[in-house]
Visitor: 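Pasting in a structure now, in structure tokens, and then I'll have a few things to ask.
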Amino acid sequence: MKTNVQRHLNQALMRIPRRAENTDRHTLATTYVSAGSFSAMLHSTDHQVLYGRRGTGKTHALLYLSDVIERAGDLPVYLDLRTIGSAGGIHSGSDADAAERGTHLLVDTLEAVHEELLTIAVDTEHDMLDPLDALADAATAVQVVGEVERESKRTGSAETRHALDISATPSAKVTAERRNSTSSEHRLRRVGVERHHVVFGPLSRALRGLTRALGGRRLWLLLDEWSSVPLDLQPLLADLLRRCVLPVPGITVKIAAIERRSRFSVPAPAGDYIGIELGADAATAVSLDDFLVFNRARTDAQEFFGQLFFNHAKDLLVRVVGARAPGDATAFVERTFQRNAFLELVRAAEGVPRDAINIAALAAQYAHSDVTDLEDVRRAARDWYLRDKQTAIDSNPAAHSTLRKLVDEVVGKRRSRTFLLERTASAEHPAVDVLYDARLLHVLRRGIVDKNHPGTLYDGFAVDYGCYVALLLDGELPSRPRHRGGWLNWSHSVPPDGFDFGAEAIDLSTLD
């Protein structure tokens with residue numbers, strides 16, 4: 001009987017959904033776990049950009065917020081920007097220039113917002129139809145762009161007739177006749193195509209009319225997958241938001257994006273800019289990557305992931321094992337994992353919930369009907385690294401080469417997994433950003449100052465757990481790498497006295 005219960009505990013881990021968009025809103029609301037003060041910041045009415053790499057929970061957070069907003073009586077409009085536009089209309093492979101492609105993107109986004117609001121208006125019988133008509137008119141205005149041809153045609157005829165008629169009567173009679181006729185034709189012909197023409201003034205007025213029609217209810221525009229928009233078009237979409245949406249009272253905008261794949265503004269002539277200036281136009285930018293760096297307080301990490309697993313598993317366990325189901329997160333963890341195994345799982349997740357869920361599912365699969373132990377977690381972390389993370393850079397030789405050099409230097413030679421890079425390194429070596437986005441490198445601390453060279457800033461990185469545990473299990477390392485640079489995990493914000501930046505900092509250009 002105990003074996004059956006253990007098997008159900010493991011199966012519950014294997015059945016946790018991997019992606020939030022495939023889960024219903026009620027489940028998202030009941031399974032959401034907030035990291036630190038992130039929930040309070042998310043609920044603020046400030047315009048915000050939510051940064052986070054793939055798998056950190058941006059979509060889950062926005063969909064959870066949408067459910068909370070709706071229950072509070074406000075109107076959420078959630079848009080997945082991956083579904084906006086068309087491949088030929090917005091991507092750089094098309095023949096259209098950036099301005100035309102950007103206009104297509106703006107119109108498609110506005111039409112998507114209009115459709116969502118129209119559905120709400122019909123379902124809830126809100127008096128929004130007139131403002132929505134104005135929004136549709138402003139969003140779909142067109143102009144004819146092309147050549148103009150003028151054609152003039154003149155035709156005419158003239159006829160003159162003279163006749164002399166002399167009568168033999170006592171009084172003579174003379175008759176004369178003349179006829180003239182002319183005609184002319186003018187024609188104006190336009191040869192061109194209709195193009196969408198977005199004018200910010202009417203659009204902003206339409207949105208203001210819409211918020212007045214809501215009668216005090218706030219409209220929340222939740223834009224997910226911002227980084228799926230082509231990089232050169234992102235500032236144009238951001239500029240539409242800045243000019244037409246952000247200034248309107250009663251509207252809050254939240255944008256979920258990947259930091260190193262986002263461009264919210266570009267310089268314009270005369271010192272102006274196109275797009276959104278973060279910190280000014282949008283009040284705050286919040287990074288889930290920073291909130292989920294748990295190394296400074298490992299107990300917080302254990303509580304977060306334990307609650308995350310329990311929230312997803314509890315309903316299923318109540319249905320299949322009834323009263324024998326764990327009553328809280330602590331009991332669930334104690335009955336599913338050996339203590340050192342759960343600590344290792346938290347370490348392997350590197351603060352990324354999707355990686356934690358996938359590693360836990362693989363470990364539970366290996367454990368089958370037994371309690372998950374340390375070896376199960378390590379095997380799962382290695383397989384997840386080889387199956388998902390490393391394959392993500394297969395098509396990028398520069399990223400492959402940079403990762404190999406870092407592993408050779410940091411793990412192989414230094415027997416460590418932490419190291420320092422100058423903050424300018426990513427500009428000189430774009431592969432660093434690729435490895436960070438692929439979750440093969442993790443930032444533990446930003447903006448570290450070397451007191452001997454205060455003008456130089458460093459970021460503290462860690463090589464992914466799955467990478468070095470793969471080397472450990474394959475016998476490439478004689479023992480587990482020691483954590484030189486472990487001060488990065490301290491609660492202190494500065495390195496200890498006597499710390500040698502030269503020994504921990506890496507110059508990528510010098511690596512073989």
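Predicted, not measured: the structure shown is a model, and the values here were computed from it.
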Visitor: Where do Arg439 and Asp388 land on the side-chain contact (heavy atoms from CB on, under 4.5 Å) test, with the steps shown first?
Guide: CA-CA 10 Å; Arg439 310 183 309 284; Asp388 178 81; 3.0 Å; yes
Visitor: Taking only residues two or more places apart in sequence or in another chain, which ones pass side-chain hydrogen bond (donor to acceptor under 3.5 Å, both in side chains) with Thr59?
Guide: Asp224
Visitor: Using atom types as modelled and distance alone, determine if a side-chain donor or acceptor of Thr336 lies under 3.5 Å from a backbone N or O of Val333.
Guide: no
Visitor: With heavy-atom distances below 4.5 Å as the criterion, would you say the side chains of Ile506 and Arg414 are in contact?
Guide: yes
Visitor: Please list all pairs meeting salt bridge (Lys or Arg N to Asp or Glu O under 4.0 Å) that have one or both residues in residues 362-374, counting only residues at least two apart or in different chains.
Guide: none
Visitor: According to the ring pair (Phe, Tyr, Trp, His ring centres under 6.0 Å) rule, which pairs have a member within residues 226-250, sequence neighbours left out?
Guide: Trp226-Phe264
Visitor: Could you check whether any side-chain N or O of Lys254 sits under 3.5 Å from a backbone N or O of Leu42, counting only pairs where one atom can act as donor and the other as acceptor?
Guide: yes
Visitor: Is the backbone N or O of Arg354 less than 3.5 Å from a side-chain atom of Asn358, with the two atoms forming a donor-acceptor pair by type?
Guide: yes
Visitor: Which residues satisfy the side chain to side chain contact (heavy atoms under 4.5 Å, CB included) test with Gln307, sequence neighbours excluded?
Guide: Val33, Phe310, Asn311, Ala329
Visitor: By side-chain hydrogen bond (donor to acceptor under 3.5 Å, both in side chains), which residues pair with Thr109, not counting sequence neighbours?
Guide: none
Visitor: If you round to the nearest 0.5 Å, how far is CD of Glu115 from CG of Leu79?
Guide: 11.0 Å
Visitor: Which is it for Glu350 and Asp355 under the side-chain contact (heavy atoms from CB on, under 4.5 Å) test, yes or no, and what are the steps along the way?
Guide: CA-CA 8 Å; Glu350 303 283 9; Asp355 288 345; 5.8 Å; no
Visitor: Is the His60 to Tyr32 ring centre distance short of 6.0 Å?
Guide: yes
Visitor: Once ring pair (Phe, Tyr, Trp, His ring centres under 6.0 Å) is applied, what residue pairs with a partner in residues 357-378 remain, sequence neighbours excluded?
Guide: none
Visitor: Between Arg18 and Ile16 (side chain of the first, backbone of the second, donor and acceptor by atom type, cut-off under 3.5 Å), is there such a pair?
Guide: yes
Visitor: Please determine, by modelled atom types, if Tyr273 and Asp281 share a side-chain donor-acceptor pair under 3.5 angstrom.
Guide: yes
Visitor: Are the charged groups of Asp232 and Arg101 less than 4.0 angstrom apart, N to O?
Guide: yes
Visitor: Establish, from distance only, whether the side-chain atoms of Glu504 and Tyr458 form a donor-acceptor pair under 3.5 Å.
Guide: no
Visitor: What residues, two or more places apart in sequence or in another chain, satisfy ring pair (Phe, Tyr, Trp, His ring centres under 6.0 Å) together with Phe309?
Guide: none
Visitor: For Asp464, what residues pass the salt bridge (Lys or Arg N to Asp or Glu O under 4.0 Å) criterion, not counting sequence neighbours?
Guide: Lys389
Visitor: Could you check if a side-chain atom of Asp239 sits within less than 4.5 angstrom of a side-chain atom of Arg242, using non-hydrogen atoms only?
Guide: yes
Visitor: Between atom CG of Leu81 and atom CD of Gln234, what is the distance when rounded to the nearest 0.5 Å?
Guide: 9.5 Å
Visitor: Quick one: are Val449 and Thr456 in side-chain contact, heavy atoms under 4.5 Å?
Guide: no
Visitor: Thr252: what forms a side-chain hydrogen bond (donor to acceptor under 3.5 Å, both in side chains) with it, not counting sequence neighbours?
Guide: Arg218
Visitor: With a cut-off of 6.0 Å (strictly less than), are more than 12 heavy atoms of other residues, nucleotides or ligands near CD of Glu259?
Guide: yes
Visitor: Listed by chain and number, what are the salt bridge (Lys or Arg N to Asp or Glu O under 4.0 Å) partners of Asp450, not counting sequence neighbours?
Guide: none
Visitor: Would you say the side-chain atoms of Ser227 pair up with the backbone N or O of Ile258, donor to acceptor, closer than 3.5 Å?
Guide: yes
Visitor: Nearest 0.5 Å please: distance from the CG atom of Asp46 over to the CE atom of Met41.
Guide: 8.5 Å
Visitor: The test is side chain to side chain donor-acceptor pair (under 3.5 Å); show your working for His442 and Asp289 and say whether it passes.
Guide: CA-CA 9 Å; His442 307 276; Asp289 288 308; over 6 Å; no
Visitor: Under the side-chain hydrogen bond (donor to acceptor under 3.5 Å, both in side chains) test, which residues partner Ser509, sequence neighbours left out?
Guide: Asp507
Visitor: Evaluate the criterion side chain to side chain donor-acceptor pair (under 3.5 Å) for residue pair Tyr78 and Glu116; output intermediate values, then yes/no.
Guide: CA-CA 8 Å; Tyr78 171 85; Glu116 290 290 329; over 6 Å; no
Visitor: Set out, in order, the CA-CA distance, both residues' side-chain angles and the distance that settles side-chain contact (heavy atoms from CB on, under 4.5 Å) for Val77 and Leu219, then state yes or no.
Guide: CA-CA 8 Å; Val77 173; Leu219 174 62; 3.7 Å; yes
Visitor: Compare every heavy atom of Pro397 with every heavy atom of Ser395, then report the nearest pair and how far apart it is.
Guide: O-CD, 3.5 Å
Visitor: Is a side-chain donor-acceptor pair under 3.5 Å present for Arg319 with His8?
Guide: no
Visitor: Tell me the ring pair (Phe, Tyr, Trp, His ring centres under 6.0 Å) pairs involving residues 326-355, sequence neighbours left out?
Guide: Phe337-Phe342
Visitor: Return the OG to CD1 distance between Ser228 and Ile84, rounded to the nearest 0.5 Å.
Guide: 9.0 Å
Visitor: Does a side chain donor of either Arg7 or Asn10 reach within less than 3.5 Å of an acceptor in the other side chain?
Guide: no
